[in-house]
Amino acid sequence: MSEQIPLTPLPRRAERLAVLGDSTAVGLGDPVPGRGWRGVGPFVAAALGIPPGGYLNTAFTGARMNCVRTDQLPAAAAHRPDVALVIVGMNDTLRSDFDAGSIARDLEQVVATLAGLGTIVVPVRFHDHGRVFRLPGPIHRALKARIDELNAAIESVVARHDLPCLDLDALPGAYDLASWSVDRLHPSELGHRMLADGLTTALAGHGVLVAEPVSLECSGGIRPRTIDHVGWLVLKGLPWLWRRGRDLLPYAFSILFAAAVAAWRDDQPLPPVPPVESAPAPVQRAS
């Protein structure tokens with residue numbers, strides 16, 4: 001009897017793509033002449049060969065995870081996508097009411113709803129953005145702690161549903177300045193291309209056909225000038241740092257206070273060990 005060779009399943013062609021999330025999902029950081037923003041969504045759509053009517057982007061600037069669940073999910077589900085990208089969460093880490101448990105529950109509902117339609121959902125795991133924006137030490141540590149909690153919430157949903165997930169912290173070049181736009185908050189054109197390349201690679205690993213790999217050669221975008229960098233820093237960068245710093249400072253102080261208490265306890269001498277008293281010798285009675 002001849003040995004049967006197992007057949008490798010053919011890659012699945014995606015016909016419909018939905019992009020949900022915040023300003024990165026919108027495409028901020030990759031401006032194109034006369035057309036506003038481009039970014040990761042169109043790059044992924046082109047790589048997968050999505051026809052024009054099959055692409056939907058529900059993202060908007062400032063969106064948080066609960067915004068994706070309440071405001072973006074209904075339209076995305078009605079689109080019945082083969083693939084959905086979910087790029088959201090960083091805005092949550094910058095708010096004083098940050099709640100990792102609520103984030104996990106919101107993402108769970110988004111994933112469960114779309115997966116029930118047969119959609120392959122791809123979230124992202126976030127990088128240490130304080131290394132990009134060069135935040136002051138206490139605020140950087142506070143933000144990093146929040147990002148760790150955010151990633152743990154995302155990973156819990158990813159593991160439960162066996163989803164493909166792009167780890168931005170492990171993405172080659174993620175911390176290179178060329179990967180970031182003038183504001184250092186959003187990817188540059190190169191950064192958006194890298195993000196799209198990482199997402200399509202993750203999709204290929206889950207059996208989705210990538211018709212044309214994403215090129216990392218920049219073309220078609222508007223390159224920022226030196227004056228753009230200076231203008232952004234003065235008009236937007238410093239005011240943003242002030243606003244977000246006020247949200248994070250109470251949390252940063254709590255981290256510093258806890259660390260100070262722990263250090264103080266470590267410096268305290270151990271209490272003396274009480275001497276062991278020997279038992280009295282038994283009294284010998286005369287017989």
Side-chain angles (χ1 to χ4, degrees), residues 5-22 24-25 27 39-59 65 68-69 72-73 75-90 103-127 150-174 187 191-216:
I5 301 176
L7 297 177
T8 302
L10 294 175
R12 166 188 173 187
R13 177 178 286 277
E15 299 288 342
R16 304 179 75 79
L17 169 67
V19 179
L20 303 87
D22 56 23
T24 294
V40 59
F43 290 141
V44 172
L48 299 182
I50 303 293
Y55 177 67
L56 175 70
N57 192 324
T58 64
M65 190 68 79
V68 170
R69 176 181 62 82
Q72 301 182 28
L73 178 59
H79 186 62
R80 301 188 70 86
D82 300 305
V83 171
L85 312 178
V86 181
I87 307 172
V88 68
M90 192 63 76
I103 290 171
R105 289 188 292 273
D106 288 335
L107 180 59
E108 172 66 30
Q109 184 170 339
V110 171
V111 169
T113 300
L114 292 173
L117 301 172
T119 304
I120 299 177
V121 185
V122 191
V124 298
R125 182 186 185 281
F126 287 91
H127 57 288
L150 169 66
N151 285 335
I154 293 170
E155 287 165 358
S156 67
V157 179
V158 166
R160 189 155 47 249
H161 293 271
D162 190 25
L163 303 176
C165 181
L166 177 61
D167 185 354
L168 298 183
D169 187 63
L171 189 67
H192 276 284
R193 289 178 178 274
M194 291 165 50
L195 182 55
D197 182 57
L199 289 166
T200 52
T201 299
L203 284 165
H206 272 64
V208 176
L209 176 66
V210 178
E212 183 178 351
V214 179
S215 172
L216 298 184

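Once rounded to the nearest 0.5 Å, the distance linking CZ of F43 with OG1 of T200 reads 11.5 Å. L171 contributes atom CG, which lies 12.5 Å from atom CZ of R125 (distance to the nearest 0.5 angstrom). For the atom pair CG (L166) and CD1 (I87), the distance works out to 8.5 Å, reported to the nearest 0.5 Å. Note: L48 CG to E212 CD = 11.0 Å, rounded to the nearest 0.5 Å. One distance of note links CD of E155 with CG of L107; it measures 11.5 Å at 0.5 Å rounding. Rounded to the nearest 0.5 Å, atoms CG (N151) and CG (D167) are 7.0 Å apart.
Here the side chains of T201 and V214 are not in contact, with every heavy-atom distance at 4.5 Å or above. T113 places a side-chain heavy atom less than 4.5 Å from the side chain of L73. Under the 4.5 Å side-chain criterion, counting only non-hydrogen atoms from C-beta, T58 is not in contact with V19. Side chains of V208 and P11 form no contact here, defined as non-hydrogen atoms less than 4.5 Å apart. The closest side-chain heavy-atom distance from F126 to L150 is below 4.5 Å.
With hydrogens and angles disregarded, no donor-acceptor distance shorter than 3.5 Å links the side chain of Q109 to the backbone of R69. Without hydrogens or angle criteria, N57 side chain to A25 main chain gives a donor-acceptor distance under 3.5 Å. Panel note: side chain H192, backbone V40; a donor-acceptor pair is recorded below 3.5 Å.
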Set out, in order, the CA-CA distance, both residues' side-chain angles and the distance that settles side chain to side chain contact (heavy atoms under 4.5 Å, CB included) for H161 and V121, then state yes or no.
CA-CA 9 Å; H161 293 271; V121 185; over 6 Å; no
Requested in this report: Evaluate side chain to side chain contact (heavy atoms under 4.5 Å, CB included) for V122 paired with L203, printing each intermediate quantity in order.
Outcome: CA-CA 8 Å; V122 191; L203 284 165; 3.5 Å; yes
- Message: Between R105 and M65, is the side chain to side chain contact (heavy atoms under 4.5 Å, CB included) condition met? List the steps.
- Response: CA-CA 9 Å; R105 289 188 292 273; M65 190 68 79; over 6 Å; no
How far apart are the C-alpha atoms of D106 and V110, what are their side-chain angles, what is the distance that settles it, and do they pass the side chain to side chain contact (heavy atoms under 4.5 Å, CB included) test? CA-CA 6 Å; D106 288 335; V110 171; 5.6 Å; no
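No option in I154, V86, L199 other than L199 meets the side chain to side chain contact (heavy atoms under 4.5 Å, CB included) test with V124.
Contact between L56 and A75 at its shortest, heavy atoms only, is CD2-O, 3.6 Å. R16 and H79 get closest at one heavy-atom pair: NE-O, 2.8 Å. Closest non-hydrogen pair, A14 versus V83, comes out as CB-CG2, 4.0 Å. The two atoms that bring Y55 and G41 nearest to each other are OH-CA, 3.3 Å, heavy atoms only. Residues E15 and I50 share a closest heavy-atom pair of O-CG2, 3.7 Å. Residues P123 and V158 approach most closely at CG-CG2, 3.9 Å, considering heavy atoms.
Surrounding CZ of R80 are at most 12 heavy atoms belonging to other residues, nucleotides or ligands under 6.0 Å away.
Comment: R12 engages D82 in a salt bridge, judged by a side-chain N to carboxylate O separation of less than 4.0 angstrom.
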